[in-house]
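Input: a single structure, listed below in C-alpha cells.
Convention: sequence-line order gives letters A, B, ...; per-chain numbering from 1.
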Protein chains: 2
Amino acid sequence: MTARVSDLDAHLGYWLRFVSNHVSQSFARRLQDRDVTVAEWVAMRRLFDEAGVAPSLLAERIGMTRGAITKLADRLIDKELVARRPDPQDGRAQILVLTARGRALVPELAALADDNDAEFFRSLTAQERRGLRRLLERLVDQNELKIVPVD
Amino acid sequence: MTARVSDLDAHLGYWLRFVSNHVSQSFARRLQDRDVTVAEWVAMRRLFDEAGVAPSLLAERIGMTRGAITKLADRLIDKELVARRPDPQDGRAQILVLTARGRALVPELAALADDNDAEFFRSLTAQERRGLRRLLERLVDQNELKIVPVD
DNA sequence: TATTGTTATACTCTATAACTATA
DNA sequence: TATAGTTATAGAGTATAACAATA
C-alpha cells in the first residue's frame with residue numbers, strides 16, 4: 001500500500017484549465033490590436049444587446065463585483081467606447097451605454113471571436129463540437145454554476 | 001442580409017472558460033484552508049517529483065516567466081514550504097526544493113485536487129470523462145499548445 | 001435602514017525590461 | 001557576450017470593505 005499522490009495531469013480540471021487558458025490568451029491577442037481585453041469584450045457585447053444597463057446589473061450578468069465593473073467602465077469610458085449616464089428615475093443609479101464608436105466596434109470584435117473559435121476547434125468534427133458543448137452545458141447545469149459575483 | 005453579431009455563448013471558448021473558471025475557483029477555495037494558491041500547488045507538485053529544480057526550469061515546466069517564479073518562490077519560502085539553495089556547480093544558479101513541511105503537505109493537496117475533480121465531474125459517466133479527456137488532449141496536440149512562458 | 005455606485009486597499013498573476021553576478 | 005536569477009514597474013482581475021448620496 002503506497003500512498004498515491006496523483007499527478008497534475010490526472011485531473012480533468014487541469015486539462016480544462018490548460019486548454020481554456022490557451023483559447024482565451026489567443027483571443028486576448030486578437031483583441032489587443034483593437035485595444036480591448038476579454039472582460040471588456042464581454043461587457044461590450046452585453047451592452048450591445050441591452051442598451052442602458054445599470055453597473056450593478058451588468059456585474060450580475062457577467063459575474064464581476066461592482067467594484068470591478070466601476071474600474072472596467074472607467075477604462076471603456078477613457079477609450080470612448082462606453083458612456084455613463086445618470087438614471088432619470090433613480091438619483092443613485094447610473095446607466096452604461098455603448099457610444100457610437102463602441103457600437104460600431106462590437107461586430108468587428110464578434111468576428112474576431114468567431115475566427116478564434118473556428119481556428120482553435122477546427123480539428124474537431126461538427127459532431128464532436130456539438131458533443132463538447134453539450135457536455136460543458138451539462139456540467140454547468142448539474143453543478144448549478146451560476147454567475148454570482150460575491151459582493 | 002443582416003450583419004450577424006454572434007452571441008457570447010455561441011463560442012465553445014466561452015463555455016470552456018466558464019466551466020474552467022468554476023473548477024479552478026472551486027479548487028482555489030479548497031486550497032485556501034491550507035493557505036496555498038493554485039499556481040503554488042502546481043509548483044509544489046512539480047518539486048515533489050523532481051527535487052532540486054532550477055527556477056528557470058520550473059518556469060519552463062509550468063509556463064510562468066522567471067520573474068513570476070521568483071515571486072512565487074518568495075511566497076512559498078515565507079510559508080516555509082520551499083527552500084532556495086545555491087547550485088554547487090554554477091555560481092549563478094539556484095535550486096528550489098520542498099522543505100519537510102512542504103513535502104508532507106503535497107499529498108494532502110493532491111487529495112484536495114482529487115476531491116475537487118471527482119465532485120465537479122461526478123455527473124459524467126466514466127466513458128464521458130475519458131471522451132472529454134481525449135478531446136482536450138487532441139486539442140492540445142493539434143493546436144500544438146506548448147507551455148511557453150514568453151520571457 | 002437599505003441600496004447604488006464609487007473609492008480605497010490589498011493580493012495574485014502577467015508582461016516587460018533593467019539589473020547583478022557569474023560563466 | 002550570454003545566461004541565471006532578481007528586482008522593478010505596470011496592467012488586469014479579484015475580493016473586501018468603507019463611504020456618500022439617495023431611496
Item to check | Pair A/Glu50 + A/Arg46, salt bridge at N-O below 4.0 Å | outcome: no
Checklist entry - What integer distance in Å separates A/Met64:CE from C/dT6:C1'? => result 15 Å
Next on the checklist: At 4.0 Å (heavy atoms only), tell me whether B/Asp90 reaches a base, stays on the sugar-phosphate, or touches nothing.
Outcome noted: sugar-phosphate
Item to check | Position toward the 5' end of DNA chain D (nearest nucleotide), A/Asp35 or B/Ala93 | outcome: B/Ala93
Item to check | C/dC13 OP1/OP2 closer than 4.0 Å to side-chain N/O of B/Thr37 | outcome: yes
Checklist entry - When the distance from CG of A/Leu31 to C1' of C/dT14 is rounded to whole Å, what number comes out? => result 17 Å
Item to check | Side chain of A/Asp74 (C-beta onward), nearest among C/dT12, C/dT7, C/dT4 | outcome: C/dT7
Next on the checklist: I need the minimum non-hydrogen distance between B/Val38 and B/Ser24, along with the two atoms involved.
Outcome noted: CG2-O, 4.1 Å
Item to check | Ionic contact status for B/Arg45 with A/Asp7, cut-off 4.0 Å | outcome: yes
Checklist entry - Can a side chain N or O of B/Arg92 be found less than 4.0 Å away from OP1 or OP2 on D/dA2? => result no
Item to check | Common cluster, A/Leu58/A/Ile95, ILVMFWY with side-chain heavy-atom separation under 4.5 Å | outcome: no
Checklist entry - If you look at every strand shown and take non-hydrogen atoms under 4.0 Å, does A/Thr70 touch a base, only sugar-phosphate, or nothing? => result base
Checklist entry - Looking only at side-chain N and O atoms, does B/Arg84 come under 4.0 Å of OP1 or OP2 in D/dT6? => result yes
Checklist entry - Please give, in whole Å, the distance from D/dA12 C1' to A/Glu40 CD? => result 9 Å
Checklist entry - What class does the angle between the rings of B/Phe18 and B/Tyr14 fall in, given that below 30° is parallel, 30 to 60° is tilted and above 60° is perpendicular? => result parallel
Checklist entry - Between B/Thr65 and C/dA15, does any side-chain N or O lie under 4.0 Å from OP1 or OP2? => result no
Checklist entry - Within this structure, what is the CG-to-C1' distance between A/Leu58 and C/dT4, rounded to whole angstrom? => result 14 Å
Checklist entry - Starting at CG of B/Asp78 and ending at P of C/dC11, how long is that distance when rounded to a whole Å? => result 12 Å
Checklist entry - According to a strict under-4.0 Å criterion, is A/Arg66 in side-chain N/O contact with OP1 or OP2 of D/dA17? => result no
Next on the checklist: What is the separation between atom CD1 on A/Ile77 and atom P on C/dT7, rounded to the nearest whole Å?
Outcome noted: 10 Å
Checklist entry - Which residue, A/Gln25 or A/Ile95, contacts DNA chain C at a nucleotide closer to its 5' end, judged by nearest heavy atom? => result A/Ile95
Checklist outcome for this item: In whole angstroms, the gap separating C1' of D/dA23 from CG of A/Asp87 amounts to 12 Å
Next on the checklist: Can you say whether a donor on the side chain of A/Lys71 sits under 3.5 Å from an acceptor on the base of C/dT7, or the other way round?
Outcome noted: no
Next on the checklist: Side-chain N or O of A/Arg75 versus OP1/OP2 of D/dG11: is the shortest distance under 4.0 Å?
Outcome noted: no
Next on the checklist: Using whole Å, what does the distance between atom P of nucleotide C/dT12 and atom CG of B/Leu72 come to?
Outcome noted: 10 Å
